[in-house]
Amino acid sequence: MEGFTERAIDTIKNVPSGKVMTYGQVAAHAGSPRAARQIARILHSMSAKHELPWHRIINAQGKIVLNDEESRYTQRALLIKEGIKVSESGFVDLNLYRHDPFGN
DNA sequence: TTCATGACCGTAG
DNA sequence: ACTACGGCCATGA
């Protein structure tokens, strides 16, 4: 493994379709539990380049928090297409769709 | 090395 | 559900 960023990207790539992970979860799995903000930055800047399933990453409340209106719509559409139920206000039920890297 | 920057997190009102 | 605040921390200039 390289550094935090590498592990984070790897973690994100391993989120299966139909599941989601929170920023904090990814950070923790990458070795830095309190570095959730870095995950946000990684997705913001490298999602296209690394072909990451960026739409499967949401915040700890299970809510979509993108600033851009268009991106929000896209993310919601992608999640729904994978079978995830998303409320109109952009909430996802983490109890049902949370992906646990360790399989718990 | 210091400084600003985030698609965050948890708590509180 | 919404806003406000303080805390956290890996990057890049």
Side-chain angles (χ1 to χ4, degrees):
Chain A
M1 291 287 182
E2 325 297 309
F4 172 78
T5 301
E6 276 294 327
R7 293 195 297 277
I9 290 176
D10 194 62
T11 300
I12 295 170
K13 277 185 176 175
N14 281 318
V15 180
S17 172
K19 292 287 185 176
V20 298
M21 268 184 94
T22 69
Y23 297 87
Q25 261 187 291
V26 176
H29 190 257
S32 189
R34 318 251 172 122
R37 306 187 68 157
Q38 278 50 252
I39 305 303
R41 193 152 74 72
I42 290 171
L43 291 175
H44 180 68
S45 59
M46 328 187 81
S47 57
K49 182 179 179 183
H50 288 261
E51 297 180 354
L52 301 177
W54 59 272
H55 56 280
R56 309 207 181 114
I57 310 301
I58 58 184
N59 76 1
Q61 330 296 311
K63 186 187 183 183
I64 292 175
V65 288
L66 298 189
N67 318 309
D68 185 49
E69 194 176 328
E70 205 169 297
S71 301
R72 265 187 310 224
Y73 181 84
T74 302
Q75 175 164 18
R76 181 165 182 276
L78 286 171
L79 290 176
I80 290 177
K81 194 162 67 175
E82 295 184 351
I84 296 177
K85 184 172 183 178
V86 186
S87 77
E88 289 193 18
S89 45
F91 277 95
V92 169
D93 189 339
L94 287 175
N95 288 314
L96 295 178
Y97 308 112
R98 180 197 300 277
H99 170 58
D100 190 336
F102 300 102
N104 302 313

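Quick note on labels: first sequence line is chain A, next is B, and so on, each numbered from 1. Side chains are part of it too, since the values below use all heavy atoms of this structure and drop only hydrogens, waters and symmetry mates.
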**Report entry** Partners meeting side chain to side chain contact (heavy atoms under 4.5 Å, CB included) with A/Thr74 (sequence neighbours left out)
**Finding:**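 A/Thr74 satisfies side chain to side chain contact (heavy atoms under 4.5 Å, CB included) with A/Trp54, A/Leu78 only.
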Requested in this report: Flag the pair A/Ile58 / A/Leu94 as yes when at least one side-chain heavy-atom distance between them is below 4.5 Å, and no otherwise.
Outcome: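 In short, these two side chains touch, coming nearer than 4.5 Å.
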Report task. Answer whether the closest heavy-atom distance between the side chains of A/Met21 and A/Thr11 falls below 4.5 Å. Result ->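 They are in contact (side-chain heavy atoms under 4.5 Å apart), so the answer is yes.
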Query raised in the report: Would you say A/Arg72's side chain and A/Ile64's backbone share a donor-acceptor pair under 3.5 angstrom?
Result: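 No: the side chain of A/Arg72 does not pair with the backbone of A/Ile64.
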Query raised in the report: side-chain hydrogen bond (donor to acceptor under 3.5 Å, both in side chains): which pairs involve residues 13-25 of chain A, sequence neighbours left out?
Result: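 Those involving residues 13-25 of chain A are A/Gln25-A/Arg98.
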Query raised in the report: Which value, rounded to the nearest 0.5 Å, describes the distance between A/Arg76 atom CZ and A/His55 atom NE2?
Result: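 Going from CZ on A/Arg76 over to NE2 on A/His55, the span is 14.0 Å.
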Considering only nitrogen or oxygen atoms on both sides, find all protein atoms under 3.5 Å from nucleotides 2-5 of chain C and state each distance.
residue, atom, partner, partner atom, Å
C/dC2, OP2, A/Lys63, NZ, 3.0

Report task. List in chain and number order the residues that pass side chain to side chain donor-acceptor pair (under 3.5 Å) with A/Asn95, two or more places apart in sequence or in another chain; answer none if no residue qualifies. Result ->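 With sequence neighbours excluded, A/Asn95 shows a side chain to side chain donor-acceptor pair (under 3.5 Å) to no residue whatsoever.
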Query raised in the report: Roughly, in whole Å, what's the span from CZ in A/Arg37 to P in C/dG6?
Result: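 Between P of C/dG6 and CZ of A/Arg37: 14 Å.
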Requested in this report: Can you see which heavy atom on A/Gly83 is nearest to which on A/Tyr97, and at what distance?
Outcome: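 Result for this residue pair: O-OH, 3.9 Å.
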Using a 3.5 Å cut-off and no angle test, enumerate the donor-acceptor pairs between side-chain atoms of residues 31-40 of chain A and protein atoms at least two apart in sequence or in another chain.
residue, atom, partner, partner atom, Å
A/Gln38, NE2, A/Ala35, O, 3.4

Query raised in the report: Say you pick atom C1' in B/dA7 and the same atom in C/dA13; how far apart are they, in whole Å?
Result: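 Between the two C1' atoms, the distance is 22 Å.
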Report task. Could you tell me whether the phosphate oxygens of C/dC9, OP1 or OP2, come under 4.0 Å of any side-chain nitrogen or oxygen in A/Ser32? Result ->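 Checking A/Ser32 against C/dC9: no side-chain N or O falls below 4.0 Å of OP1 or OP2.
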Query raised in the report: Which pairs count as salt bridge (charged side-chain N to carboxylate O under 4.0 Å, His left out) when at least one residue sits in residues 54-66 of chain A, sequence neighbours excluded?
Result: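 The answer is A/Arg56-A/Glu82.
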Report task. Give me the residues of residues 12-23 of chain A where at least one heavy atom lies under 4.0 Å from an atom of DNA chain B, by number, or none. Result ->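 When residues 12-23 of chain A is checked for heavy atoms under 4.0 Å from DNA chain B, the hits, listed by number, are A/Tyr23.
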Query - Where at least one partner belongs to residues 26-46 of chain A, residue pairs that pass ring-ring contact (aromatic ring centres under 6.0 Å, His included), sequence neighbours excluded - result: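 For residues 26-46 of chain A, and leaving out neighbouring residues, the ring-ring contact (aromatic ring centres under 6.0 Å, His included) pairs sorted by first residue read A/His29-A/Phe102.
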Query raised in the report: Taking for each residue the nucleotide of DNA chain C with the nearest heavy atom, is it A/Arg34 or A/Ile42 whose nucleotide lies nearer the 5' end?
Result: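 It is A/Arg34 whose nearest nucleotide is closer to the 5' end.
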Query raised in the report: Which comes earlier along DNA chain B counting from the 5' end, the contact point of A/Arg41 or that of A/Gln61, where each point is its nearest nucleotide?
Result: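 Its nearest nucleotide being more 5', the pick is A/Arg41.
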Query - Contact interval (first through last nucleotide) of DNA chain B with protein chain A, 4.0 Å heavy-atom - result: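 Boundary nucleotides touching chain A, in 5' to 3' order, are B/dG6 to B/dG10.
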